[in-house]
A.B. asks: 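I am attaching a structure below and will ask some questions about it afterwards.
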Amino acid sequence: MNPTAAVRPYRHADAPALDDICVRTAHNGRDSRPLYADPAVLPAIFAAPYVHLDPDLAFVLDDGTGRAVGYILGTADTPRFAEEFRAKWLPRVAHRYPAPAGPPGTPDEVMAALLHDPERMIVPELAAYPAHLHIDLLPEWQGRGHGRALMRTFWRALRERGVPAVHLVMATANTPARAFYDRLGFHVIEAAGLDPADVTCLGRTTRDPERS
């Protein structure tokens, strides 16, 4: 029998796979390794802190053999997460990725600057959408309904915690991802101070219209 892919909770042993997925999808859904001297800075920002600080809200797509080939990660409380990121996560990795001394001059320095500024996640216009998420699938697992399954699992977990709405911030240039979010009912949230040419804020309720 062919193994069947399924969504399951994150396990600690999945950590290396999640780091790899993050790196291989971080450049607008494509492999980021050609762009960075040390692409490990990416999961240090966008993957590892979530499974460290909020492991109960981490879910993976298992290919049926135990290997994670996609994930959805997030938090139910963005301001609390930003606070814990600075207090509990940043001290673990800051020495590996020091903050740039001046304006970032390379892609690695841009990411290091983001790492050292978790307060950037607190955007006043997103207060009504307290949860946020990151979702990534390896390219060969995209377009097969797995992203929707991951998202519905995450929504359900948020609803069980009484969280009414969720947001995400994405690269505006990632048009395939935007089409996916549009199909799932996300809408644009205008946020002062964020350049829409660079990033787009999207939000939606945690209600699952297919199971209401």
Side-chain angles (χ1 to χ4, degrees), residues 10-55 58 60-61 63 67-75 78 81-123 132-142 147 150 168-178 180-181 191 193-202:
Y10 165 81
R11 302 168 186 156
H12 181 69
D14 296 320
L18 267 59
D19 288 356
D20 181 62
I21 295 164
C22 181
V23 168
R24 291 170 61 190
T25 59
H27 180 51
N28 298 331
R30 300 188 298 275
D31 195 337
S32 67
R33 286 174 292 187
L35 301 179
Y36 294 89
D38 184 2
V41 67
L42 297 161
I45 303 168
F46 301 116
Y50 291 87
V51 299
H52 181 71
L53 298 172
D54 268 315
V60 305
L61 177 67
D63 69 355
R67 182 174 71 105
V69 293
Y71 60 71
I72 190 164
L73 316 169
T75 183
T78 296
F81 182 82
E83 181 179 341
E84 292 190 354
F85 190 111
R86 177 164 296 284
K88 299 179 180 180
W89 177 251
L90 191 55
R92 299 170 64 97
V93 296
H95 65 286
R96 292 165 50 196
Y97 311 106
T106 67
D108 291 72
E109 290 182 350
V110 170
M111 290 299 119
L114 292 179
L115 174 70
H116 286 265
D117 182 24
E119 291 76 20
R120 66 187 159 74
M121 291 184 268
I122 304 174
V123 178
H132 76 261
L133 66 86
H134 296 280
I135 182 171
D136 290 298
L137 288 156
L138 292 177
E140 60 269 29
W141 291 90
Q142 297 173 13
L150 284 165
L168 59 91
V169 180
M170 61 166 290
T172 301
N174 192 351
T175 53
R178 176 60 189 277
F180 167 71
Y181 297 132
L194 297 179
D195 186 350
D198 293 329
V199 296
T200 300
C201 297
L202 302 175

A.B. asks: Looking at every heavy atom in both Val23 and Pro43, which two are closest together, and how far apart are they?
C.D. replies: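 Taking Val23 first and Pro43 second, the nearest heavy atoms are CG2-CD, 3.6 Å.
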A.B. asks: What distance separates Arg92 CZ from Lys88 NZ, expressed to the nearest 0.5 Å?
C.D. replies: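 Result: 11.5 Å between the selected atoms.
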A.B. asks: Where does the angle between the aromatic ring planes of Tyr50 and Phe81 fall among parallel (under 30°), tilted (30 to 60°) and perpendicular (over 60°)?
C.D. replies: parallel
A.B. asks: Mind checking whether His27 and Arg33 have side chains closer than 4.5 Å, heavy atoms only?
C.D. replies: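 No - every pair of side-chain heavy atoms lies 4.5 Å or more apart.
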A.B. asks: Do the side chain of Asp136 and the main chain of Ile21 share a donor and acceptor less than 3.5 angstrom apart?
C.D. replies: no
A.B. asks: Under the 3.5 angstrom rule, does the side chain of Trp89 hit a backbone N or O of Ala44 as a donor-acceptor pair?
C.D. replies: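 Between the backbone of Ala44 and the side chain of Trp89 there is a qualifying donor-acceptor contact (under 3.5 Å).
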A.B. asks: What do the steps show when you test His132 against Val169 for side-chain contact (heavy atoms from CB on, under 4.5 Å), and what is the final call?
C.D. replies: CA-CA 8 Å; His132 76 261; Val169 180; over 6 Å; no
A.B. asks: Can you tell me how far CG of Leu133 sits from CD1 of Ile72, rounded to the nearest 0.5 angstrom?
C.D. replies: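 The CG atom of Leu133 is 5.0 Å from CD1 of Ile72, to the nearest 0.5 Å.
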A.B. asks: First locate atom CG of Asp38, then atom OG1 of Thr106, and finally report the distance between them rounded to the nearest 0.5 Å.
C.D. replies: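 Here the rounded value is 11.0 Å.
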A.B. asks: Apply the side chain to side chain contact (heavy atoms under 4.5 Å, CB included) test between Asp14 and each candidate in Val60, Val51, Asp19; give the one that qualifies.
C.D. replies: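 Of all the options given, the one that passes is Val60.
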A.B. asks: Could you check if a side-chain atom of Arg86 sits within less than 4.5 angstrom of a side-chain atom of His116, using non-hydrogen atoms only?
C.D. replies: no
A.B. asks: Is it the case that more than 12 heavy atoms not belonging to Glu83 sit under 6.0 Å from its CD atom?
C.D. replies: no
A.B. asks: Going by heavy atoms in the side chains, are Tyr181 and Ile135 under 4.5 Å from each other?
C.D. replies: yes
A.B. asks: Please examine the side chains of Thr25 and Arg30, heavy atoms only from C-beta on, and report whether any two atoms are closer than 4.5 Å.
C.D. replies: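 A side-chain contact under 4.5 Å is absent here.
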A.B. asks: Can you check whether Tyr10 reaches Leu18 side chain to side chain, under 4.5 Å on heavy atoms?
C.D. replies: yes
A.B. asks: Using the rule given for side-chain contact (heavy atoms from CB on, under 4.5 Å), can you reason through Leu137 versus Leu61, listing the C-alpha separation, both sets of side-chain angles and the distance that settles it, and then say yes or no?
C.D. replies: CA-CA 8 Å; Leu137 288 156; Leu61 177 67; 3.7 Å; yes
A.B. asks: Identify the two heavy atoms, one from Phe46 and one from Cys22, that lie closest to each other, and give their separation to 0.1 Å.
C.D. replies: CB-SG, 4.2 Å
A.B. asks: Kindly indicate whether the side chain of Leu202, heavy atoms from C-beta on, has any atom under 4.5 Å from the side chain of Met170.
C.D. replies: yes
A.B. asks: Can you name the closest pair of heavy atoms from Ala47 and Leu73 and give their distance?
C.D. replies: CA-CD1, 3.6 Å
A.B. asks: Looking only at heavy atoms, what is the nearest atom pair of Gly105 and Glu109, with distance?
C.D. replies: N-OE1, 2.6 Å
A.B. asks: Please round to the nearest 0.5 Å and tell me the distance separating atom OH of Tyr71 and atom CG of Leu138.
C.D. replies: 9.5 Å
A.B. asks: Would a 4.5 Å heavy-atom cut-off, applied to side chains only, mark Phe85 and Met121 as touching?
C.D. replies: yes
A.B. asks: What's the separation between atom CD in Glu119 and atom CD1 in Ile122, rounded to the nearest 0.5 Å?
C.D. replies: 6.0 Å
A.B. asks: Quick one: pull up CG in Asp20 and CZ in Arg24 and give me the separation to the nearest 0.5 Å.
C.D. replies: 5.0 Å
A.B. asks: Could you walk me through whether Ile45 and Tyr97 pass the side-chain contact (heavy atoms from CB on, under 4.5 Å) check?
C.D. replies: CA-CA 10 Å; Ile45 303 168; Tyr97 311 106; over 6 Å; no
A.B. asks: If we only count heavy atoms from C-beta on, is the Leu115 to Leu90 side-chain gap below 4.5 Å?
C.D. replies: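 Side-chain contact under 4.5 Å: yes.
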A.B. asks: Of the non-hydrogen atoms in Asp108 and Ala37, which two are nearest, and what is the gap between them?
C.D. replies: OD1-N, 2.9 Å
A.B. asks: Search all heavy atoms of Asn28 against all heavy atoms of Ala171 and return the closest pair with its distance.
C.D. replies: OD1-CB, 3.2 Å
A.B. asks: Going through the distances and angles, do Leu168 and His134 end up as a side-chain contact (heavy atoms from CB on, under 4.5 Å)?
C.D. replies: CA-CA 7 Å; Leu168 59 91; His134 296 280; over 6 Å; no
